[in-house]
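One structure is given below, encoded as structure tokens.
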Amino acid sequence: GKANYENGSAACTALLKKNGLVPENCTIADGSGLSPDNRLSAQYLTRLLLFMNTQKNREVFRNSLAVSGRSGTLKDKFSAQELTGRVRGKSGTMDGALTLSGFAETEKGELVFSFLANHVDDRKKIWKVYQDILLCLMQYGCEAQPGGNQK
């Protein structure tokens with residue numbers, strides 16, 4: 001049917017169910033992601049990104065993401081030069097919440113990640129934490145494992 005706020009949740013759930021991605025212990029209250037009643041885990045969001053990365057429209061999806069130091073909401077977020085152009089992601093902000101999910105290019109390959117912070121008082125501090133985590137992952141890396149798992 002016609003896309004609207006009321007059927008957004010049902011459309012998202014149907015797409016996820018069709019592809020075997022129905023989240024356990026999660027709630028999709030709306031299709032926009034703006035409802036404070038949405039509940040998704042970082043692990044689930046990472047699984048969803050891994051799935052999106054296998055689809056035929058993979059490049060369209062990836063090109064819609066902000067790029068660190070270059071575009072969108074990540075243009076001015078990371079001051080570390082090592083991250084410039086190496087992180088593609090989608091950030092989310094609501095009262096008291098700040099999230100970032102996406103892909104990071106490391107020396108050992110691509111990393112898929114999702115960071116969720118709740119009860120946020122100081123967004124700059126959380127962005128700094130996200131930057132520090134990404135820098136640590138860039139420095140120490142992680143090796144892709146068969147099946148899309150990371151170590």
Testing the basics here: between [X] and [Y], what is the closest heavy-atom pair and its distance to 0.1 Å?
{"X": "Ile126", "Y": "Ala117", "answer": "CG2-CB, 3.9 Å"}
{"X": "Ala42", "Y": "Leu116", "answer": "N-CD1, 3.4 Å"}
{"X": "Gly69", "Y": "Thr84", "answer": "CA-CG2, 4.4 Å"}
{"X": "Ser101", "Y": "Ser114", "answer": "OG-OG, 2.6 Å"}
{"X": "Thr54", "Y": "Leu50", "answer": "CG2-O, 3.4 Å"}

How many angstroms lie between [atom1] in [X] and [atom2] in [Y], if you round to the nearest 0.5 Å?
{"X": "Arg39", "Y": "Asp37", "atom1": "CZ", "atom2": "CG", "value": "6.0 Å"}
{"X": "Arg47", "Y": "Leu49", "atom1": "CZ", "atom2": "CG", "value": "11.5 Å"}
{"X": "Cys26", "Y": "Leu45", "atom1": "SG", "atom2": "CG", "value": "7.5 Å"}
{"X": "Gln81", "Y": "Ser68", "atom1": "CD", "atom2": "OG", "value": "11.5 Å"}
{"X": "Met94", "Y": "Thr99", "atom1": "CE", "atom2": "OG1", "value": "10.0 Å"}
{"X": "Asn63", "Y": "Asn57", "atom1": "CG", "atom2": "CG", "value": "11.0 Å"}

Please confirm whether the backbone N or O of [Y] pairs with a side-chain atom of [X], one donor and one acceptor, at under 3.5 Å?
{"X": "Tyr44", "Y": "Leu21", "result": "yes"}
{"X": "Glu82", "Y": "Met138", "result": "no"}
{"X": "Tyr130", "Y": "Leu98", "result": "yes"}
{"X": "Glu110", "Y": "Phe103", "result": "no"}
{"X": "Arg86", "Y": "Ala104", "result": "no"}
{"X": "Arg88", "Y": "Arg62", "result": "yes"}
{"X": "Thr27", "Y": "Ala29", "result": "no"}

Group every Ile, Leu, Val, Met, Phe, Trp and Tyr by side-chain heavy-atom contacts under 4.5 Å, then state whether Val67 and Leu111 land in the same group.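 In one cluster with Val67: Leu111, no.
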Is there a path of hydrophobic side-chain contacts, each under 4.5 Å between heavy atoms of I, L, V, M, F, W or Y residues, that connects Leu15 with Met52?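 No, Leu15 does not connect to Met52 through the hydrophobic network.
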Is there a side-chain contact (heavy atoms from CB on, under 4.5 Å) between Leu100 and Phe113 once you walk through the steps? CA-CA 8 Å; Leu100 178 64; Phe113 67 89; 3.7 Å; yes
Check against side-chain contact (heavy atoms from CB on, under 4.5 Å), Leu16 and Leu48: CA-CA 9 Å; Leu16 296 171; Leu48 183 59; 3.8 Å; yes
I'd like to know whether CD of Gln55 has more than 12 heavy-atom contacts from other residues, nucleotides or ligands below 6.0 angstrom. yes
Decide side-chain contact (heavy atoms from CB on, under 4.5 Å) for Leu135 and Phe78; before the verdict, give the C-alpha distance in whole Å, the side-chain angles of both, and the deciding distance to 0.1 Å. CA-CA 10 Å; Leu135 285 169; Phe78 300 123; over 6 Å; no
